[in-house]
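Below is one structure, written out as structure tokens, with a few remarks after it.
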Amino acid sequence: MDTPVLDFLRRYDAANMIRFHMPGHKGKGVLGCERWDITEVQGADALYEADGIIAQSEANATALFGSQRTLYSTEGSSHCIRAMLYLALTNRPDNAAPVIVAARNVHKTFVYAAALLDLDVVWLWPEENASLCGCPVSAAQLERTLAGLEAPPVAVYLTSPDYLGDMADIAVLSEVCHRFGTLLVVDNAHGAYLRFLQPTLHPLDLGADLCCDSAHKTLPALTGAAYLHISKSLPTAFADHAKAALALFGSTSPSYLTLASLDGCNAALAGEYPARVREMAAQLEDVRAALTERGWEVLPSDPLRLTLRAPEGMTGKGLAQQLRNGGIECEYADDALLVLMLSADNTAPEVEKILQTLGECPAPHAPRRTLPQARGEQVVSIRQAMFAPHEIVPADEALGRICGAPMVSCPPAIPIVVSGERIGENALTLFRYYGVKQVDVLK
């Protein structure tokens, strides 16, 4: 597969042009990559008006993902989430309300997008809450929710895989959405590689209408590299307006280093990389089995993630430090859980070191702790709350106050309380559990 963006950058570098254009480093600097870090010079195309090398590269990505149209972002899935919600809202049927149904474990970017677009949200809550990161949604639950609405929502929004690796049944849930005349929009930030398994597990192939992937999370691309996918089942208006949707929320200075990494990623995906993805998934499955034999509780997850529950007397953060002492850095840890994310660029010896470092589980596992759900009353809309005057207060003094902007660390960037909701006792419990010290509230 050709790499038009990479090829242009190589030619431009070899031409030794005197750079009387942005950026200010003029192709020189301590990083060594500055020579490829350019702006929209002649021949470099422009991300949001692409009709040259970027358009050619995006066409390659479209073919690889089997979509109606796949577009690039250099600002991560956060950028794509805003664009997806905008597309769903502005292309909704006449009978659809400006409401979106969403599983509660959304990234905070979803809340910001709802505020910008003045969307009301109907939340899908889990039957029980073992982690802020998880929110399993059943077909029956979704059907009850949609049947109870006065008008179809603009979309149903799911995060799959979630931060712990739990995967929604996209095929079944998309059928429910379509039967009720609404779209299924999926935050697949953690699952770009799913397209390259056999069979594919990518949401777009299972019935999702709009989907975003963070290429940088699981594929060989630089941080910020992401895709916005438009399903072939959607009207062409979605694909036609997708660039404008991205331009509405994106920087006019996209990183050409990130674009080049997406371009190079196409070549990898057209080559041997998918086979390596499948090999790594198989190896990690063997590691899961070995850890289970050694007494560890391995939670179900997507094929390139390892999620462990800490045994009695230990914490996920403690396990993370144990791994760190052995030369391994994890993706996420809290009091109960440890998460490691792998890719085809990890090696067999690196994966084997997980087993060597963890060894035998040192203690039995206590019954799983169930956390409370912070189902706060929605006092004002998300938009009203986000744009009202705010103040920061200590978390333990926030009882009864109205949430302004969600405050939660990244990762996992999942709000405990959403803008406009009244903060209750359960929220305070979760603040303490997740170490939230300050809360943004309305004045």
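Throughout, numbering of the chain's residues begins at 1 and tracks the sequence.
Residue pairs meeting the salt bridge (Lys or Arg N to Asp or Glu O under 4.0 Å) criterion with at least one partner in residues 372-395, sequence neighbours excluded, are Glu377-Arg422, Glu391-Arg401. Applying the salt bridge (Lys or Arg N to Asp or Glu O under 4.0 Å) test to every pair with at least one member in residues 325-346, sequence neighbours left out, gives these pairs: Arg276-Asp345, Arg324-Glu329.
For the residue pair His25/Asp37, the side-chain donor-acceptor check at 3.5 Å is satisfied.
A salt bridge links Arg288 to Glu285: at least one charged side-chain nitrogen sits closer than 4.0 Å to a carboxylate oxygen. At a threshold of 4.0 Å, the pair Glu58-Lys243 counts as salt-bridged, since one of the basic side-chain nitrogens sits closer than that to a carboxylate oxygen.
Between the side chain of Asp162 and the backbone N or O of Leu164 there is at least one donor-acceptor pair closer than 3.5 Å. One N or O on the side chain of His365 and one on the backbone of Arg309 form a donor-acceptor pair closer than 3.5 Å. With hydrogens and angles ignored, the 3.5 Å screen pairs no side-chain donor or acceptor of Arg278 with any backbone N or O of Gln198. Without hydrogens or angle criteria, Glu75 side chain to Ser251 main chain gives a donor-acceptor distance under 3.5 Å. Looking at Gln141, its side chain never comes within 3.5 Å of a backbone N or O of Ala139 through a donor-acceptor pair. Between the side chain of Arg82 and the backbone N or O of Leu248, no donor-acceptor pair lies under 3.5 Å. Side chain of Asn266 to backbone of Asn60: no donor-acceptor contact under 3.5 angstrom is found. No donor-acceptor pair closer than 3.5 Å links the side chain of Asp2 to the backbone N or O of Pro4.
Few gaps surround CE on Met1; more than 12 heavy atoms of other groups in view lie less than 6.0 Å from it. More than 12 heavy-atom neighbours from other residues, nucleotides or ligands sit within 6.0 angstrom of CD on Gln321. No more than 12 heavy atoms of other residues, nucleotides or ligands lie within 6.0 Å of NZ in Lys437, so this atom counts as exposed by the packing criterion. Environment of CD in Glu272: sparse, with no more than 12 heavy atoms of neighbouring residues, nucleotides or ligands closer than 6.0 Å.
Contact record, Ala398 with Ile423: O-CB, 3.5 Å, taken as the closest heavy-atom pair. In plain terms, the two heavy atoms of Ala405 and Asp440 that are nearest each other are N-OD1, 3.1 Å.
If you take CZ on Phe110 and CG on Leu119, they are separated by 7.0 Å, rounding to the nearest 0.5 Å.
Residues satisfying the salt bridge (charged side-chain N to carboxylate O under 4.0 Å, His left out) criterion with Arg10, sequence neighbours excluded, are Asp7.
A tilted orientation is assigned to the rings of Tyr72 and Tyr227, their planes being inclined by 30° to 60°.
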